[in-house]
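Below: the structure, in structure tokens.
This is a predicted model, so every value here is computed, not measured. Chain letters run A, B, ... following the sequence lines, proteins first and then strands; every chain starts at 1.
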Amino acid sequence: MDCQKLAERLLPGKYPALSFYEEKYPPRALGRDAEVTRLAPSPTGFIHLGNLFVAIANERIAHQSGGVMYLRIEDTDDKRRVDGAVEAVKNALRYFSIRFDEGAEIGGDDTYAPWYQRQRAEIYRAFVKDLVARGKAYPCFCTEEELSALREAQTEAKKITGYYGEYARCRNLTEDEIYRNLDAGKPFVIRLKSEGNAEHKLSFRDEIKGDITVTENDQDVVILKSDGIPTYHFAHAIDDHFMRTTLVIRGEEWLASLPIHLELFSVLGFDRPRYGHNCSLMKQDGETRRKLSKRKDPELSLEFYRQEGYFPRAVRVYMLTLLNSNFEEWYRKNPEKPLEEFPFSVRKMGKSGALFDLDKLNDISKNELSCLSAEEMYAFLKEWADEYGSAEEKKYFENRDYLLKVLNLVMGTGGKKRRKDIMTARQSMTLLSYFFRKGNREDAYRTDAKTKDDILNAFLNTYDCNDDAQVWFSKLKEVASSLGFAAEMRDYKADPGAYKGSVSDVAEVLRIATTGRANTPDLWTVMRILGAEETKKRIREEIGT
RNA sequence: GGCCUUGUGGUCAAGAGGUUAAGACGGCGCCCUCUCACGGCGCAAUCCCGGGUUCGAUUCCCGGCAAGGUCACCA
């Protein structure tokens, strides 16, 4: 068989010598320990938590080592392509502070461009052609129907499915048969002529999982599809080589195809990057756990966190705690330090899949948000409201000074007694709403109408907006005891039967009257912010209702 | 089914041949308290199973079992 001739027939035309590409994409001039990492999503437009998870690891490793992190778009499958996807990916990752140094639509050094695989078709073909010429790859004319029939027969016979060994029909086609098929215009793919043996085990050092055993690949995998575009396996080998990637952190769903990748690097004569296979994020689903799924789990979508108004840093912190188990301790000890100073370690990455825990994320969010100054909180909330807030919520931001005051006093931002129960921007809108509208009365009075009016009237008679918190409260106590309520909780608890209730019941009436709710931040503070006029107005409206 | 990976409380997990087996989240209870919140204190809960090695294994070895991943002209 004249392989050279076959290669020319399959991939006609002049391709550069392979050494051309080695020169065009030279090794990077970086320090010895510098890692070159990448994120290589396909442009489906859907970027999820798993992508972010892996992206953070790759980003940390690259930048911590003085290396480079780039964005490559794996668009070899035309069917999955969605317009605007790259922009969406870029924006989502930027929102969560993933910084790329170069790559698709990133700018930066373009020595290793293009970053879209479809634009690299010529490179792949040059190497496929070389493989064919060297007898390491061959054309396959099997149709999809034939292949699925093969698969069924193999399953039936309890054999391993796939295109390998005796089942690789086109592998043994004679020169005549090949050219007859070509002359007939039959579509073909190009397959790797695997030299592996599935009986052979080899040991492999995974950067995360440690030493593992893998089985040699013996599948004649497709490397060039009938549309002339390579499969992922082939494209990634070429790209990671020529983009001079040193370390690939990817999801463990790739572990199974590692043998293919090893053989590909070997037959191409490339040094391969090091690999680390990261556990995937799981979710409890009834009795079992499973990978987070795009269709069933809204919390998988990065968009979910933006809509809910999660503080991006909180998401990042949570990812980091899952990624490196010692991060949480470090963070506790170094709350002031930038996250970038944490010594991220590939070795510390977990080997088993972690359940995604929304409670934990929420807890982290509360802590993160409670650390913000009023100004920072304002900026964060405004950004969220501009995009996702209701028309009414957007109005909260019209009076900046007023809102800052609210933030300061009610949320305790910047102070010592801060609230720590706020997880998201969306949720904090509820808290803010007290100060902008009374809204619907969410909680009903628990006293009878007359008692309620008595309390309200009595309060109005003594109310002075200049009173400090203590005076204000002692006046409230007077109102309480004048109407038969216990002024001190102690007294009430000692003998509940002797009173109509306690100060807390009196305060509750007032609370509902001013805000419509039984649970609010400190009432004195609320009234202070609302101002005397608004407070009185709201209370008067409640009398006689 | 084949192959690979993983197995410490409900969750994330530290850990070492001998420990009262850390810590965090969640749960529960108590205290503080005008409600919410904040804060403080406390409680419950774990080494997948069976062999072996050993004076001693949750830790080392073997075998099970379970869970997850993967078996495309998708990545």
Requested in this report: Please state whether the phosphate of B:C74, meaning OP1 or OP2, lies under 4.0 angstrom from any side-chain nitrogen or oxygen of A:Lys225.
Outcome: yes
Query raised in the report: CD of A:Gln219 versus C1' of B:C73: gap in Å, rounded?
Result: 14 Å
**Report entry** 5'-most by nearest nucleotide on RNA chain B - A:Glu508 or A:Lys420
**Finding:** A:Glu508
Report task. Quote, to the nearest angstrom, the P distance that separates B:A57 from B:G51. Result -> 12 Å
Query raised in the report: Are A:Phe188 and A:Tyr138 close enough that their ring centres sit under 6.0 Å apart?
Result: no
Query raised in the report: Which part of the nucleic acid, if any, lies within reach of A:Phe473 when heavy atoms closer than 4.0 Å are counted: base, sugar-phosphate only, or nothing?
Result: base
Query - Protein-to-nucleotide contact annotation, 5' to 3' order, nucleotides 20-27 of chain B [B base; S sugar-phosphate only; - none; under 4.0 Å, heavy atom] - result: ----BSS-
Query raised in the report: Does B:A72 have OP1 or OP2 sitting under 4.0 Å from an N or O in the side chain of A:Arg151?
Result: yes
Query - Of A:Met282 and A:Lys493, the one whose closest RNA chain B nucleotide lies more 5' - result: A:Lys493
Requested in this report: Could you let me know what B:U59 is paired to, Watson-Crick or G-U wobble, both distances under 3.5 Å, or none if it's on its own?
Outcome: none
Query raised in the report: Nearest of B:C73, B:G69, B:C12 to any side-chain atom of A:Leu322?
Result: B:C12
Query raised in the report: Without hydrogens or angle criteria, can the side chains of A:Ser502 and A:Ser504 be said to hold a donor-acceptor pair below 3.5 Å?
Result: yes
Requested in this report: Mind checking A:Ser502 for me? I need base, sugar-phosphate or nothing, with any heavy atom below 4.0 Å counting as a touch.
Outcome: nothing
Query raised in the report: What is the base-pairing partner of B:U19, counting Watson-Crick and G-U wobble geometry with both distances under 3.5 Å?
Result: none
Would you tabulate the pairs of protein nitrogen or oxygen atoms and nucleotide nitrogen or oxygen atoms of nucleotides 2-8 of chain B closer than 3.5 angstrom?
unit_1	atom_1	unit_2	atom_2	d
B:C3	O3'	A:Lys201	NZ	3.3
B:C3	O2'	A:Thr215	OG1	3.2
B:C4	OP1	A:Lys201	NZ	3.2
B:C4	O3'	A:Thr213	O	3.1
B:U5	OP1	A:Thr213	N	3.2
B:U5	O2'	A:Lys209	NZ	3.1

Query - Integer angstrom distance from the P of B:U35 to that of B:U20 - result: 43 Å
**Report entry** Shortest non-hydrogen contact between A:Thr451 and A:Thr447, atoms and distance
**Finding:** CB-CB, 4.1 Å
Requested in this report: Please determine, for the side chain of A:Ser325, which listed nucleotide (B:A13, B:U11, B:C34) has the closest atom?
Outcome: B:A13
Query - Whole-Å distance separating the CZ atom of A:Phe356 from the P atom of B:G68 - result: 19 Å
Query raised in the report: Are A:Thr155 and B:G1 close enough that a side-chain N or O sits under 4.0 Å from OP1 or OP2?
Result: no
Query raised in the report: Expressed as a whole number of Å, how far does the C1' atom of B:A44 sit from that of B:G29?
Result: 10 Å
Report summary line: Here the distance between atom P of B:C34 and atom CG of A:Asp467, to the nearest Å, is 18 Å
Query - C1'-based separation of B:A14 from B:U8 [nearest Å] - result: 10 Å
**Report entry** Strand partner of B:A45, provided both Watson-Crick or wobble distances fall under 3.5 Å
**Finding:** none
Query - Spacing between A:Arg517 atom CZ and B:A37 atom P, to the nearest angstrom - result: 15 Å
Query - Side-chain donor/acceptor of A:Glu328 to backbone N/O of A:Thr321, under 3.5 Å - result: no
Requested in this report: Decide whether A:Asp239 and A:Tyr124 meet the rule of one side-chain donor and one side-chain acceptor closer than 3.5 Å.
Outcome: yes
Query - Rounded distance in Å between the C1' positions of B:G26 and B:A13 - result: 14 Å
Requested in this report: Taking ring pair (Phe, Tyr, Trp, His ring centres under 6.0 Å) as the test, write out the residues that go with A:Phe53, two or more places apart.
Outcome: none
Requested in this report: Can you check whether any acceptor in the base of B:C34 is under 3.5 Å from a donor in the side chain of A:Asp522, or vice versa?
Outcome: yes
Report task. For the pair A:Tyr232 and A:His261, name the ring-plane relationship: parallel under 30°, tilted 30 to 60°, perpendicular over 60°. Result -> perpendicular
Report task. Classify the side chain of A:Arg419 versus the base of B:C36 as yes if they form a donor-acceptor pair under 3.5 Å and no if they do not. Result -> yes
**Report entry** Nearest-Å distance once atom C1' is located in both B:G18 and B:G23
**Finding:** 23 Å
Query raised in the report: Taking CG from A:Asp220 and P from B:A72, how many angstroms apart are they, rounded to a whole number?
Result: 14 Å
Requested in this report: Examine the side chains of A:Thr245 and A:Tyr70 and answer whether a donor and an acceptor come within less than 3.5 Å of each other.
Outcome: yes
Query raised in the report: Side chain of A:Lys348: nearest nucleotide among B:C74, B:C36, B:G15?
Result: B:G15
Query raised in the report: So what does A:Ala518 hit on the nucleic acid, given a heavy-atom distance under 4.0 Å: a base, only sugar-phosphate, or nothing?
Result: base
Query raised in the report: For atom C1', what is the distance between B:G15 and B:A24, given to the nearest Å?
Result: 16 Å
Query - Nucleotide of B:C73, B:C38, B:C34 approaching A:Met489 most closely (side-chain heavy atoms) - result: B:C34
Query raised in the report: When only distance counts, do a donor and an acceptor, one from the side chain of A:Arg511 and one from the base of B:C36, lie under 3.5 Å apart?
Result: no
Query raised in the report: So what's B:U6 paired with, Watson-Crick or G-U wobble, going by both distances under 3.5 Å?
Result: B:A66
Query raised in the report: Is the shortest heavy-atom distance from the side chain of A:Tyr275 to the side chain of A:Lys209 under 4.5 Å?
Result: no
Query raised in the report: Checking A:Tyr164 side chain against A:Asn217 main chain: does a donor-acceptor pair fall under 3.5 Å?
Result: no
Report task. May I ask you to verify if any side-chain N or O of A:Arg191 is less than 4.0 angstrom from the OP1 or OP2 atom of B:C73? Result -> yes
Query raised in the report: To the nearest angstrom, how far is A:Ile455 atom CD1 from B:C34 atom P?
Result: 16 Å
**Report entry** Whether A:Arg118 side chain and A:Thr76 backbone form a donor-acceptor pair below 3.5 Å
**Finding:** yes
Query - hbond_proxy A:Arg80 side chain to B:C74 base (donor-acceptor, 3.5 Å cutoff) - result: yes
Query raised in the report: Taking any strand in view, what nucleotide pairs with B:U53 in a Watson-Crick or G-U wobble way, both distances under 3.5 Å?
Result: none
Requested in this report: With C1' as the reference atom in both, quote the distance from B:C47 to B:C60 in angstrom, rounded to an integer.
Outcome: 15 Å
Query raised in the report: What is the distance from CE of A:Met349 to P of B:C12, rounded to the nearest Å?
Result: 16 Å
Query raised in the report: Does the base of B:C36 carry an N or O that pairs as donor and acceptor with the side chain of A:Thr520 under 3.5 Å?
Result: no
Report task. Could you state the atom-to-atom distance from CG of A:Asp75 to P of B:C74 in whole Å? Result -> 13 Å
Query raised in the report: Which is true for A:Trp524 with a 4.0 Å heavy-atom rule: it touches a base, it touches only sugar-phosphate, or it touches nothing?
Result: nothing
Report task. Determine yes or no for a side-chain-to-main-chain donor-acceptor pair under 3.5 angstrom, with A:Asn324 supplying the side chain and A:Ser345 the backbone. Result -> yes
Query raised in the report: Cut-off 3.5 Å, side chains only: do A:Glu263 and A:Ser194 have a donor facing an acceptor?
Result: yes
